[in-house]
Chemist: 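Mind having a look at this structure? Questions to follow.
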Amino acid sequence: MSLPSHVTIVEVGPRDGLQNEKQAVDTAVKVELIHRLQAAGLKEIEATSFVSPKWVPQMADNAAVMAGIARQSGVRYSVLTPNLKGWEAAAATRPDEIVVFGAASEAFSQKNINCSIAESIERFAPVVDAARAAGVKVRGAISCAVGCPYEGEIAPERVALVARLMAQIGVQHVGVADTIGVGTPLKVQRALEAALQHYPLHEVSGHFHDTYGMALANVHASLQLGIATFDTSVSGLGGCPYAKGATGNVATEDVVYLLHGLGIATGIDLDALIDAGQFIRGALGQPNGSRVARALLVKRAA
Ligand code: HMG
Ligand code: MG
């Protein structure tokens, strides 16, 4: 199959990235990051999550973040909602899309959302119904789609099962997530193909953490299947609070550079994106985690 001519990037740094920060991040900084991302041409931004503040205090300012965004037309803002309580709080902030997040691993489901896979689907069903009735699109995330920190390797059949259950309750899109970044291209392709048994090509995305440095290879392997939507995190922000040692998502800058190099359009201005990454890393007092950003910053300085 030929590679897609356009790819949609879902920027998850403000959520997946900042949920993992040990230090408190001001709401104003989160909002400024989102403003810089949309100015750089990102059309899909995962802004925050409506989860328990006891479990993830970093996202406790969810409503304030959503209220602070000066929304740009053509940009869609998504939020995570694990249950009806999360949906109700999120709905008041008018997200364009919500994300229910399950797992292909029982052990990870318990650690992350405190219930079994079957129970998670039962919890998601009324959330999906309510969101769709309100005209809000529903995405599902399938964590640990290739490997789990507790159960080890995950068979593609388990991804297919969760995708089928999500399709049955009306989830409109699924993200195949390599939560701990252990995947390699063929394994990732098998996991994506499992999801594709239940979803069309344009409703399956890749969400790859870069712990083992395989994420770009996995993006390329996904493109070869025709997958044209990826979750990425500016400057490689993040990790996962329930997957020790996992690093952030693949850096948005690195994926954009790869895509543009392949002649694939993204609508993203790489220079402005690098500035957004420098802004948030500067606010956090951390080095930039994007290889492309680091290389181009050296070139800029020369
Ligand atoms: P629980 O304790 O089983 O829930 O948590 P509960 O219904 O028994 O409620 C317990 C308390 O939490 C109650 O408060 C509820 O009101 C409150 P209390 O009476 O004790 O004061 N509560 C809530 N508060 C605010 N918002 C809510 C909410 N729900 C209950 N929505 C729950 C279940 C799912 C809420 C909890 O386990 C949780 O918040 N987990 C955090 C999960 C999370 O955010 N993980 C990280 C995001 S997922 C991810 O990063 C993976 C992804 O990137 C893909 C990948 O890479 O794999 C998407
Ligand atoms: Mg993630």
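Values in this document were obtained by computation on a predicted structure and should not be read as measured data. One-based numbering, in listed order, for ligands and for the atoms of each.
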Chemist: Closer than 4.0 Å to some heavy atom of Asn83 - which atoms of ligand 1 meet that?
Modeler: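 Checking each atom against Asn83, I get 27 (C), 28 (C), 29 (N), 30 (C), 31 (N), 35 (C).
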Chemist: Which atoms of ligand 1 have any heavy atom of Ala177 under 4.0 Å away?
Modeler: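 The atoms of ligand 1 under 4.0 Å from a heavy atom of Ala177 are 54 (C), 55 (C), 56 (O), 57 (O).
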Chemist: Counting heavy atoms only, name the option from Phe101, Trp87, Trp55 that's nearest to atom 48 (S) of ligand 1.
Modeler: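 When every heavy atom of Phe101, Trp87, Trp55 is considered, Phe101 comes closest to atom 48 (S) of ligand 1.
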Chemist: Geometry only, no angles: is Ser49 polar-contacting ligand 1 at N/O separations under 3.5 Å?
Modeler: no
Chemist: Keeping Gln58 on the side-chain end and Gln19 on the backbone end, is there a donor-acceptor pair under 3.5 Å?
Modeler: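 Yes.
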Chemist: Could you go step by step and tell me if Glu119 and Arg123 meet the salt bridge (charged side-chain N to carboxylate O under 4.0 Å, His left out) rule?
Modeler: CA-CA 6 Å; Glu119 285 163 347; Arg123 278 188 197 174; 5.6 Å; no
Chemist: Within the structure, is a non-hydrogen atom of Pro53 found at a distance of less than 4.0 Å from ligand 1?
Modeler: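 Yes, Pro53 has a heavy atom closer than 4.0 Å to ligand 1.
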Chemist: Determine, considering heavy atoms only, which of Lys54, His207, Arg15 sits nearest to atom 20 (O) of ligand 1.
Modeler: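 Closest candidate by heavy-atom distance is Lys54.
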Chemist: Quick one: which ligand 1 atoms are inside 4.0 Å of a heavy atom on Lys85?
Modeler: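 That gives atoms 16 (O), 22 (N), 23 (C), 24 (N), 25 (C), 28 (C), 29 (N), 30 (C) of ligand 1.
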Chemist: Any ion pair linking Lys30 and Glu21 (charged N to carboxylate O, less than 4.0 Å)?
Modeler: no
Chemist: To check you understand the geometry: which heavy-atom pair defines the closest contact between Val250 and Ala215, and what is its length?
Modeler: CB-CB, 3.5 Å
Chemist: Give a yes or no answer on whether the side chain of Thr252 reaches the backbone of Ser233 with a donor-acceptor pair at less than 3.5 Å.
Modeler: yes
Chemist: List ligand 1 atoms under 4.0 Å from Gly86, heavy atoms only on the residue side.
Modeler: 31 (N)
Chemist: Is the contact between Val51 and ligand 1 made by the side chain, the backbone, both, or neither, using heavy atoms and a 4.0 Å cut-off?
Modeler: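 Contact part for Val51 vs ligand 1: both backbone and side chain.
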Chemist: Walk me through whether Glu193 and Arg190 qualify under salt bridge (charged side-chain N to carboxylate O under 4.0 Å, His left out).
Modeler: CA-CA 5 Å; Glu193 283 162 354; Arg190 297 297 89 80; 2.9 Å; yes
Chemist: Tell me, please, if Asp16 has any N/O/S atom, main chain or side chain, under 2.8 Å from the Mg ion (ligand 2)?
Modeler: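 So Asp16 does bind the Mg ion (ligand 2) by this criterion.
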Chemist: For Asp254, check salt bridge (Lys or Arg N to Asp or Glu O under 4.0 Å) against everything at least two apart and list the hits.
Modeler: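 Partners of Asp254 by the salt bridge (Lys or Arg N to Asp or Glu O under 4.0 Å) criterion come out as none, since no residue qualifies.
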Chemist: For Asn288 and Gln278, does a side-chain donor sit closer than 3.5 Å to a side-chain acceptor?
Modeler: yes
Chemist: In ligand 1, which numbered atoms sit nearer than 4.0 Å to a non-hydrogen atom of Ser143?
Modeler: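 Here the atoms of ligand 1 in question are 51 (C), 54 (C), 55 (C), 57 (O).
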Chemist: Show which atoms of ligand 1 fall inside a sub-4.0 Å distance from at least one heavy-atom site of Phe50.
Modeler: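 Answer, ordered by atom number: 26 (N), 27 (C), 31 (N).
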Chemist: Give the atoms of ligand 1, by number and element, whose distance to some non-hydrogen atom of His209 is under 4.0 Å.
Modeler: 56 (O)
Chemist: Check for a donor-acceptor pair, side chain of His209 on one end and backbone N or O of Thr247 on the other, with a separation under 3.5 Å.
Modeler: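 Confirmed, His209 side chain pairs with Thr247 backbone.
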Chemist: Met59: heavy atom below 4.0 Å from ligand 1, yes or no?
Modeler: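 So Met59 does not count as touching ligand 1.
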Chemist: Can a side-chain donor-acceptor contact be found between His260 and Thr266 if the only test is distance below 3.5 angstrom?
Modeler: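 Yes, a side-chain donor-acceptor pair sits under 3.5 Å.
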Chemist: Check each atom of ligand 1 against the heavy atoms of Val56 and keep those under 4.0 Å away; list them by number with element.
Modeler: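 Reading through ligand 1 atom by atom, the close ones are 41 (C), 43 (C), 44 (O).
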Chemist: Check Ser52 against ligand 1 and report side chain, backbone, both or neither, counting heavy atoms closer than 4.0 Å.
Modeler: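 Both the backbone and the side chain of Ser52 come within reach of ligand 1.
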Chemist: Would you call Arg300 and Asp275 a salt bridge, taking side-chain N to carboxylate O under 4.0 Å as the test?
Modeler: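 Counted as a salt bridge, because a side-chain N and a carboxylate O are separated by less than 4.0 Å.
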Chemist: Nearest 10°: the angle subtended at the Mg ion (ligand 2) by His207 NE2 and His209 NE2?
Modeler: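 It rounds to 90°.
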